[in-house]
Amino acid sequence: MSCQMPPAHPFDDDKLREECGVFGVVNVTDAANFVALGLHALQHRGQEAGGIVTHDQHTGFNQQRRMGLVRDNFTSSDVMQLLPGSIGIGHVRYSTAGSKGQTAMRDVQPFFGEFSMGGAAIAHNGNITNAMSLRRELIERGSIFQSSSDSECIIHLMARSMGRTIPDRMEEALRKVEGAFSIVAMTRTKLIGCRDPLGVRPLVLGQIGEGWALASETCALDIIGADFVREIEPGEMVVITEKGVESHFPFRPNRARFCIFEHVYFSRPDSILGGRSVYETRENIGRELAKEAPVDADLVCPVPDSGTPAAIGYSLQSGIPYAMGIIRNQYMGRTFIEPTESIRNMGVRLKLNVNRALIRGKRVILVDDSVVRGTTSRKIKEMILDAGAAEVHFRIASPPTAWPCFYGVDTPQREKLLAATMSENEMRDHLGVDSLKFISLDGLYRAVGEAEGRDKNAPAYCDACFSGEYPVAPSDMIEQGFQAKTAAE
């Protein structure tokens, strides 16, 4: 699918980006309003663009796609009245495939197609790792693509299927794709949800009155007052009508490999993943980190906001007081000010500010979720030292990110990942901190409920960004020259 907006300042350029969020409802009055609320709750998964498709028996299929945030585009009555109907799906986007930089409107989802048995719209969270080869094959057979998104391949594969129903055609199409996909789709009367056999990306089912909802995360069910029913299983397809939910498993069974970074960073802390509270899991990560990497210090401070639960866990386990040593400007918009050179030099200060009275003279432990390029970490360290800190110790709530993700995350090329070119000690010296420690991969697994740590022969999660072990070969990237991990590594 694909979901990238040029960052307004360096802080935004040093985080991994989840690509998209999907949401759908059926058998509810004014479905578009529910979809807009659900997408608002999923805004953290993509802030670049969004779209909604609905169906009404009088007006047929209706579609609105916009650049920017949900709150800026799908709250006015002028827009929402263009989306009548009791069934609808939506998508928020941050590009990982397709056009990079400012999104082209043609790449904004959901995508819509007319088939012999009627129209269908589709919204995709994930990344198709063989999209380039599929695209070439489809173009050679006469397909005309309207976007640069990998997700459009699914629509063209469905068009060439001989299946008698839209769900049948979707099944046939998805059997030909590789990679990660959590999909919400709709026909005139049916809401369809599907996850790839590995279940890399999340998808959940909820019920609201007589209606049903599908969402990337449970927090989107909460905002519309829906009851969480269950997760869509890896490899499962559900077809939902006003009569209820029909479930089947069209793909060859496979061992699930859910993305472990959803627990670390991507998902909202108030969501539930695999029956576990994301917030509690992140607090557990902090506890494990304190066990593995203790240090004498005066304060434990999070790098807001993603480092907060882990910092609380570190504090509770270590007994070192927790403090908000860095304050985030909650009203810092992406278009706050034209980023002239003088403003760029302010860097992180546009978004974060140090609580100087608290920090001065203290030995500070900074807890963050990850280190990608390291640019933000260096700037934050400088801010802390400028505020008079005696020592700065970084503790990172994930293992070193040394490999790019090809399953729906916007990751820099491997050579731009700090951990791909430096050892932990070299990273410490590069960042200029008194100490730097990452949680181990075993420690991360323990924090997410695997008591024995990571099973090297059969890991329970996709952890390729840390281990370099890709559960699905990234065939398109290998074709372009990507060097996968060797046995020696």
Side-chain angles (χ1 to χ4, degrees), residues 1-3 20 22 24 51 53 55 60-61 63 65 87 89 91 96-99 104 106-198 200-201 203 235-240 246 248-252 254 406-408 472-477 479:
M1 123 278 69
S2 314
C3 311
C20 296
V22 295
V53 175
H55 184 272
F61 284 94
Q63 180 171 346
R65 299 185 293 171
I87 181 172
I89 65 171
H91 186 274
T96 58
S99 59
R106 64 180 186 168
D107 291 331
V108 180
Q109 298 187 42
F111 289 135
F112 176 79
E114 286 281 2
F115 304 98
S116 58
M117 68 287 293
I122 183 170
H124 170 210
N125 173 212
N127 213 57
I128 298 172
T129 57
N130 64 332
M132 288 171 52
S133 56
L134 285 174
R135 190 182 185 98
R136 282 198 303 267
E137 179 182 340
L138 287 163
I139 290 174
E140 288 172 0
R141 294 184 179 184
S143 293
I144 300 174
F145 279 74
Q146 301 297 317
S147 78
S148 60
S149 169
D150 59 335
S151 307
E152 192 182 353
C153 289
I154 300 171
I155 290 287
H156 288 283
L157 290 169
M158 290 172 64
R160 292 188 170 276
S161 167
M162 299 303 293
R164 300 180 63 181
T165 68
I166 294 294
D168 289 343
R169 290 190 173 208
M170 184 176 293
E171 282 185 24
E172 185 176 334
L174 293 177
R175 288 194 189 102
K176 297 178 181 179
V177 307
E178 300 171 1
F181 54 83
S182 283
I183 288 173
V184 170
M186 62 174 281
T187 68
R188 289 170 293 185
T189 59
K190 297 173 181 176
L191 181 66
I192 306 166
C194 188
R195 286 179 79 189
D196 69 81
L198 297 178
V200 176
R201 296 282 155 231
L203 189 64
E236 180 183 16
M237 176 180 282
V238 293
V239 180
I240 310 171
E246 173 189 314
H248 55 116
F249 291 82
F251 310 112
R252 182 182 302 171
N254 209 327
F406 302 116
Y407 307 130
V472 178
S475 54
D476 281 349
M477 300 309 299
E479 181 181 317

- [ ] Please test I166 against M158 for side chain to side chain contact (heavy atoms under 4.5 Å, CB included), starting from the C-alpha separation and ending with a verdict.
- [x] CA-CA 8 Å; I166 294 294; M158 290 172 64; 3.9 Å; yes
- [ ] Step by step, work out the side chain to side chain contact (heavy atoms under 4.5 Å, CB included) result for I87 and T189.
- [x] CA-CA 7 Å; I87 181 172; T189 59; 5.9 Å; no
Open item on the list: The test is side chain to side chain contact (heavy atoms under 4.5 Å, CB included); show your working for M117 and T187 and say whether it passes.
Closed with: CA-CA 10 Å; M117 68 287 293; T187 68; over 6 Å; no
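Residues V22 and I89 fail the side-chain proximity criterion, which asks for heavy atoms closer than 4.5 Å. Using a 4.5 Å heavy-atom threshold, the side chains of I128 and I154 count as touching.
Here the closest heavy-atom approach between residue L203 and residue S182 is recorded as CB-OG, 4.0 Å. The two residues R106 and R65 come nearest to each other via the heavy atoms O-NH1, 3.8 Å. Closest approach of P197 to F251, counting heavy atoms only: CG-CB, 3.7 Å. Nearest heavy-atom pair across S147 and F111 is OG-CZ, 3.6 Å. The two residues L134 and C153 come nearest to each other via the heavy atoms CB-SG, 4.3 Å. Across H248 and P250, no two heavy atoms sit closer than the pair O-CD, 3.4 Å.
In this structure, the side chain of H124 does not engage the main chain of F181 through any donor-acceptor pair within 3.5 Å. Judged by distance alone, with hydrogens and angles left aside, the side-chain atoms of E178 form no donor-acceptor pair with the main-chain N or O of V472 at under 3.5 Å. One N or O on the side chain of D476 and one on the backbone of A131 form a donor-acceptor pair closer than 3.5 Å. In this structure, the side chain of D150 does not engage the main chain of N127 through any donor-acceptor pair within 3.5 Å. Under the 3.5 Å distance criterion, the side-chain polar atoms of R201 are matched with a main-chain donor or acceptor of Y407.
Atoms OG1 and CE, on T129 and M477 in that order, are 10.5 Å from each other to the nearest 0.5 Å. Here CD of E171 is found 5.0 Å from CE of M237. Values are rounded to the nearest 0.5 Å. Put simply, OG1 on T165 and CD1 on I192 are 8.0 Å apart, with the number rounded to the nearest 0.5 Å. To the nearest 0.5 Å, atoms CZ (R169) and CE (M162) are separated by 7.0 Å.
Between the side chains of D107 and S149, no donor N or O sits under 3.5 Å from an acceptor N or O. A donor atom on one side chain and an acceptor atom on the other are found under 3.5 Å apart for Q109 and S151.
By the 4.0 Å N-to-carboxylate-O rule, E137 lies close enough to R141 to be salt-bridged with it.
Taking the six-membered ring where tryptophan is involved, the planes of F61 and F112 are tilted, since the angle between them lies from 30° to 60°.
When each of E172, R175, K176, H156 is paired with S161, the side-chain hydrogen bond (donor to acceptor under 3.5 Å, both in side chains) condition holds for E172 and for no other.
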